[in-house]
Structures are given as structure tokens and as C-alpha cells.
Amino acid sequence: SRFTATPSFQELVLHADFDNNGIGNVLFNSEDGVTNLTGNATIHNFFLTTPDYEIYFQAGKTYTFNGSLKIQGAPDHGAEEYYIKMRSQTLGSPWYLNIETPLGQYTLDKINISDATALIYTEIPIGVDAGNNINFYIDPSWDGGGADALWSTANNWSGNAVPAAS
């Protein structure tokens, strides 16, 4: 069976940890482009490809993804950044990401992420490290979208953010 919300549907609240038991797919597509997750969750077959979407995770909780996983934002358009934002609901407090899908069999691309601790090493081939992330490889790329050719110009980088020194 399938749960589909009507246009007037505002919120689905689960008063327990969530596990879709490997059945079906989980897709987010709210009108305001923002989703808040609370409690530990295990999600099988997760897809989020809505540009500029924001997803907030409860600090201290673990979000496990298995099966198919695709979280993919869109390229910048000049000064506009359309990456998917993955954030803690409490600025500076970590949330935990556990990807059980093998490396190379999931897509994490064009993501702007902060306050995340990956339980296993996680790669984001084109992304923005917005700070306080642990156990990630996040690679910004030059897109030349700025008004000059300076490395210090944020709009010249994917995600419109100058890479942090490592």
C-alpha cells in the first residue's frame, strides 16, 4: 500500500523511531522545501532530488539508510546555490549518518552539509562542508561562476563556498 498526502496535508508525526522495514520508497517533497526528522530512523530506498531542499536531523539521533540511496541537488546558477542542505536541528550539535548501502552504490551529490558525524567513511564528490562534519570526504569543485577568476571568490566554487583549508 502507499501513503499519499493530500495538498492540504501539513505534517506526518511518528511518535516512535521509524523503520520502513525494507518495504517501498521514502521520498520528500514538501511545498516549503523543508523537512524535519526527529528520533532514530532506518530508511530503505530514500530519494531526495528537489533542488535547494532543506532537511534537518535531530541532534544526537542516528539516521540509517540502506537499499537505494540518492540525495542529489542541482548545480549553482550564478550566485544562487541549489544544493540540498542537510543540517542539525541544533546548530553545532551533531546528528549521526549511517549509510549501509555500499560505497559506489549510492549517490550523494551537490549537498551542503553541517554538524554530521558519519558512522562509516562517506564521500560527497561535489559538495559544501558547512562545518562540524566528521568522517566525510567532501569535494568542492571549481565552476567559474564568479565575476573574476580568483580562488577566493565564493561564486567560483560549486555551492558558492570557498573550500576550507585542510
Side-chain angles (χ1 to χ4, degrees), residues 25-38 40-41 43-166:
N25 299 323
V26 176
L27 305 108
F28 289 150
N29 190 15
S30 73
E31 275 188 30
D32 66 357
V34 177
T35 294
N36 287 280
L37 295 178
T38 58
N40 297 306
I43 302 172
H44 183 79
N45 295 342
F46 181 82
F47 303 91
L48 178 55
T49 58
T50 304
D52 207 31
Y53 203 91
E54 298 176 20
I55 184 167
Y56 292 87
F57 300 89
Q58 184 177 0
K61 300 299 180 179
T62 300
Y63 298 88
T64 300
F65 296 90
N66 57 42
S68 297
L69 173 62
K70 183 175 185 177
I71 302 174
Q72 185 170 21
D76 302 338
H77 294 283
E80 295 297 319
E81 189 248 293
Y82 292 99
Y83 285 25
I84 291 174
K85 283 75 169 173
M86 298 175 71
R87 303 275 190 260
S88 174
Q89 292 172 1
T90 306
L91 184 65
S93 297
W95 58 277
Y96 299 94
L97 177 64
N98 182 26
I99 298 176
E100 294 179 342
T101 303
L103 183 63
Q105 295 182 20
Y106 61 82
T107 301
L108 296 176
D109 188 36
K110 297 178 185 70
I111 295 173
N112 183 319
I113 189 169
S114 68
D115 297 323
T117 297
L119 299 184
I120 61 165
Y121 176 76
T122 301
E123 293 183 3
I124 300 173
I126 298 177
V128 173
D129 182 345
N132 200 28
N133 295 305
I134 297 172
N135 209 20
F136 284 91
Y137 173 77
I138 304 169
D139 191 14
S141 66
W142 179 271
D143 64 17
D148 56 40
L150 297 175
W151 286 66
S152 59
T153 300
N155 286 348
N156 284 329
W157 294 95
S158 61
N160 294 332
V162 175
S166 54

The reported gap from OH in Y63 to CD1 in I55 (rounded to nearest 0.5 angstrom) is 9.0 Å
Notebook entry, point to check: Is the closest side-chain heavy-atom distance between Y137 and I124 below 4.5 Å?
Noted result: no
Treating T122 as the side-chain partner and I120 as the backbone partner, does any N or O pair qualify as donor plus acceptor under 3.5 Å?
yes
- Do V128 and I111 touch side chain to side chain, with heavy atoms closer than 4.5 Å? no
**Q.** Side chain to side chain, S68 and N45, heavy atoms closer than 4.5 Å
**A.** yes
Open item on the list: Keeping N98 on the side-chain end and L119 on the backbone end, is there a donor-acceptor pair under 3.5 Å?
Closed with: no
CG of D143 to CG of D76, rounded to nearest 0.5 Å, is 5.0 Å
- Task: Could you please spell out the steps behind the side-chain contact (heavy atoms from CB on, under 4.5 Å) verdict for S88 and F57?
- Result: CA-CA 5 Å; S88 174; F57 300 89; 6.0 Å; no
In this structure, CD of E80 is separated from CG of N155 (nearest 0.5 Å) by 9.5 Å
Using side-chain contact (heavy atoms from CB on, under 4.5 Å), reason through N156 and W142 one step at a time and then give a plain yes or no. CA-CA 6 Å; N156 284 329; W142 179 271; 3.6 Å; yes
dist N40:CG -> W95:CH2 (nearest 0.5 Å) comes out at 13.0 Å
When rounded to the nearest 0.5 Å, the distance separating CD1 of I43 from CZ of F65 is 4.5 Å
Open item on the list: A side-chain contact here means heavy atoms from C-beta on lying under 4.5 Å apart; do W157 and P163 qualify?
Closed with: yes
query: Between R87 (side chain) and A116 (backbone), is there a donor-acceptor pair under 3.5 Å?
result: no
(message) Is it the case that the side chains of T153 and D148 hold a donor-acceptor pair, with the cut-off being a distance below 3.5 Å and no angle test?
(response) yes
When N160, I126, D52 are each screened for side chain to side chain contact (heavy atoms under 4.5 Å, CB included) with Y83, the one that passes is I126
_Is a donor from one side chain sitting under 3.5 angstrom from an acceptor on the other, for Y53 and T35?_
yes
- Task: Check the pair K70 / L48 against side-chain contact (heavy atoms from CB on, under 4.5 Å), numbers first and verdict last.
- Result: CA-CA 6 Å; K70 183 175 185 177; L48 178 55; over 6 Å; no
Note to self: With a 4.5 Å cut-off on side-chain heavy atoms, are M86 and N112 touching?
What the structure shows: no
### Message
For a 4.5 angstrom cut-off between non-hydrogen side-chain atoms, does W151 reach V162?
### Response
no
For N36, the side-chain contact (heavy atoms from CB on, under 4.5 Å) test, sequence neighbours excluded, returns V34, Y56, Q89
Inspect the surroundings of CG in L91 and state if more than 12 heavy atoms from other residues, nucleotides or ligands are less than 6.0 Å away.
no
Assess, by modelled atom type and distance only, whether the side chains of E100 and N66 contain a donor and an acceptor separated by less than 3.5 Å. yes
Looking at T101 and L69, would you say the former's side chain and the latter's main chain have a donor-acceptor pair under 3.5 Å? no
- Side-chain heavy-atom pair Q58, T90 within 4.5 angstrom cut-off: no
Verify, without hydrogens or angle tests, whether N133 (side chain) and D115 (backbone) share a donor-acceptor contact under 3.5 angstrom. yes
Those residues at least two apart in sequence (or on a different chain) that pass side-chain hydrogen bond (donor to acceptor under 3.5 Å, both in side chains) with D109 are Q72
*asked:* For a 4.5 angstrom cut-off between non-hydrogen side-chain atoms, does T117 reach L97?
replied: no
